Amino acid sequence: MVDLHSQYLHIKPGIDKGIQDVIDSCAFINGPAVKNFQEGLEKYLGIKHVIPCANGTDALQVSMMALGLQPGDEVITTSFTFIATAEVIALLKLTPVLVDVDPGTFNIDLKSIEKAITPETKAIVPVHLFGQCAPMEEIMALAKKHNLFVIEDNCQAIGSDYIFNDGSRKKGGTIGHVGCTSFFPSKNLGCYGDGGAIFTNDDELAKQLRVIVNHGMVVRYYHDVIGVNSRLDSIQAAILNVKLAHLDEYAAKRRAAADFYDKAFANNPRLTTPARYAKSTHVFHQYTLVTRDVDRKSLINHLAVKEIPAMIYYPVPLHLQKAYLDPRYKPGDFPVTEALSKSVISLPMHTELDDEQLNHIVTSVLEFVNR
Ligand SMILES: *Cc1c(COP(=O)(O)O)cnc(C)c1O
């Protein structure tokens, strides 16, 4: 699905030097590379505070801890996302309240959020799925009206721009009270291991986030709150420093591949190309088609024979996952999510796709669906 090795070869000298410098300095934890990356990302995102941490899941968990969410508090999120979003809600004994998604953008449905708000609701977690932002302006208005926190799960959309009604722009992940991202290798800004970060413009919240990622420690060995150990290590930060400079160029390459796919699959009665939301740029973490009357398993096998990977993101909606079964929910409650989980397919999407590869992929897909 991604070609990290070819991408590495293009930036090898910078990456190799970055890693070697960390080894030479032996500043493996909290070295200068981490601070450099933090400041570089703050500048790129146009945000006051970036708090690096160990992974995207921790970013979400630490955000919920720092906002003071308490057991029993309801947190509204989408039923169509990677499990991490709901996992941390459940781990903190908060109550995940799931809502359905928009069939075009796959992002959380605004009207359903409004209907799900109760006096116990404390936060909304929109997920910017597959690379474009959820309707943030409307979500923020709703949150303000009901006095709720908004935690953006921006793990799949780093580098996207949200476009407000007045035409102004902000980076995805910088609009809510707090934004979270992941640097998992296959993410749009990926390191060579695990990594993550939290964004906020709130000085007090930033202080609290920094304390919690570091064992709740304000002064060394004095622990004021219960924290966790969640660090971005210096080698990963050195790699991210090199890759951050390429992030916009990488997004452009992904978009070009998406345009190629869009054109090839346009007007095909069996395939719906991903909708592009007018209020967000799309950084195409995934290129996801909705199929109609296509045997997906056979399509995936057909592609595999031609050495083309294809994946289903996500095959099971959150409310139907074994660990998350809940008497509040039953099959049929989230019809859009359930239909998508049965019909979507994601094609290879990365920075190194050339026209020959793209041709091979679209020809192979069309060969199957048109027969
Ligand atoms: C990848 C991802 C996460 C978790 O990130 P990790 O770094 O793997 O912990 C959370 N939410 C979404 C939507 C993701 O895609």
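As the structure lists them, so they are numbered: ligands from 1, and atoms in each ligand from 1. If you're wondering where the values come from, they're calculated on a predicted model, not measured in any experiment.
Heavy-atom proximity to V127, at under 4.0 Å, picks out these atoms of ligand 1: 13 (C). Close contacts between ligand 1 and N55 involve ligand atoms 7 (O), 9 (O) [criterion: under 4.0 Å to a heavy atom]. Taking a cut-off of under 4.0 Å to the non-hydrogen atoms of K187, the atoms of ligand 1 that pass are 1 (C), 2 (C), 3 (C), 5 (O), 14 (C), 15 (O).
When side chains are defined from C-beta on, V211 counts as touching V225, because their heavy atoms get closer than 4.5 Å.
Both the backbone and the side chain of T57 come within contact range of ligand 1, each with a heavy atom under 4.0 Å.
Ring geometry, H5 versus Y8: the interplanar angle falls from 30° to 60°, so the pair is classed tilted. Classification of the F80-F130 ring pair by plane angle, with boundaries at 30° and 60°, yields perpendicular.
Closest to atom 15 (O) of ligand 1 among all protein heavy atoms lies Q156 NE2, 2.8 Å. Of the protein's non-hydrogen atoms, the one nearest atom 8 (O) of ligand 1 is S182 OG, 4.0 Å. For atom 11 (N) of ligand 1, the closest heavy atom belonging to the protein is D153 OD2, 2.8 Å.
Each of T105, D262, T281 was evaluated against R276; a single residue qualifies, D262, per the side-chain hydrogen bond (donor to acceptor under 3.5 Å, both in side chains) test.
Ligand 1 has no N or O atom lying under 3.5 Å from any N or O atom of Y314, backbone or side chain. Considering backbone and side-chain N/O of T81, none are found under 3.5 Å from N/O of ligand 1.
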V290 vs F106, side-chain contact (heavy atoms from CB on, under 4.5 Å): CA-CA, chis, key distance, verdict: CA-CA 10 Å; V290 181; F106 315 129; 3.8 Å; yes

Should T78 and L98 be marked as a side-chain contact (heavy atoms from CB on, under 4.5 Å) after you check the CA-CA gap, both sets of side-chain angles, and the distance that decides it? CA-CA 5 Å; T78 154; L98 303 177; over 6 Å; no

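Under the 4.0 Å criterion applied to side-chain N and carboxylate O atoms, K306 and E367 are assigned as salt-bridge partners.
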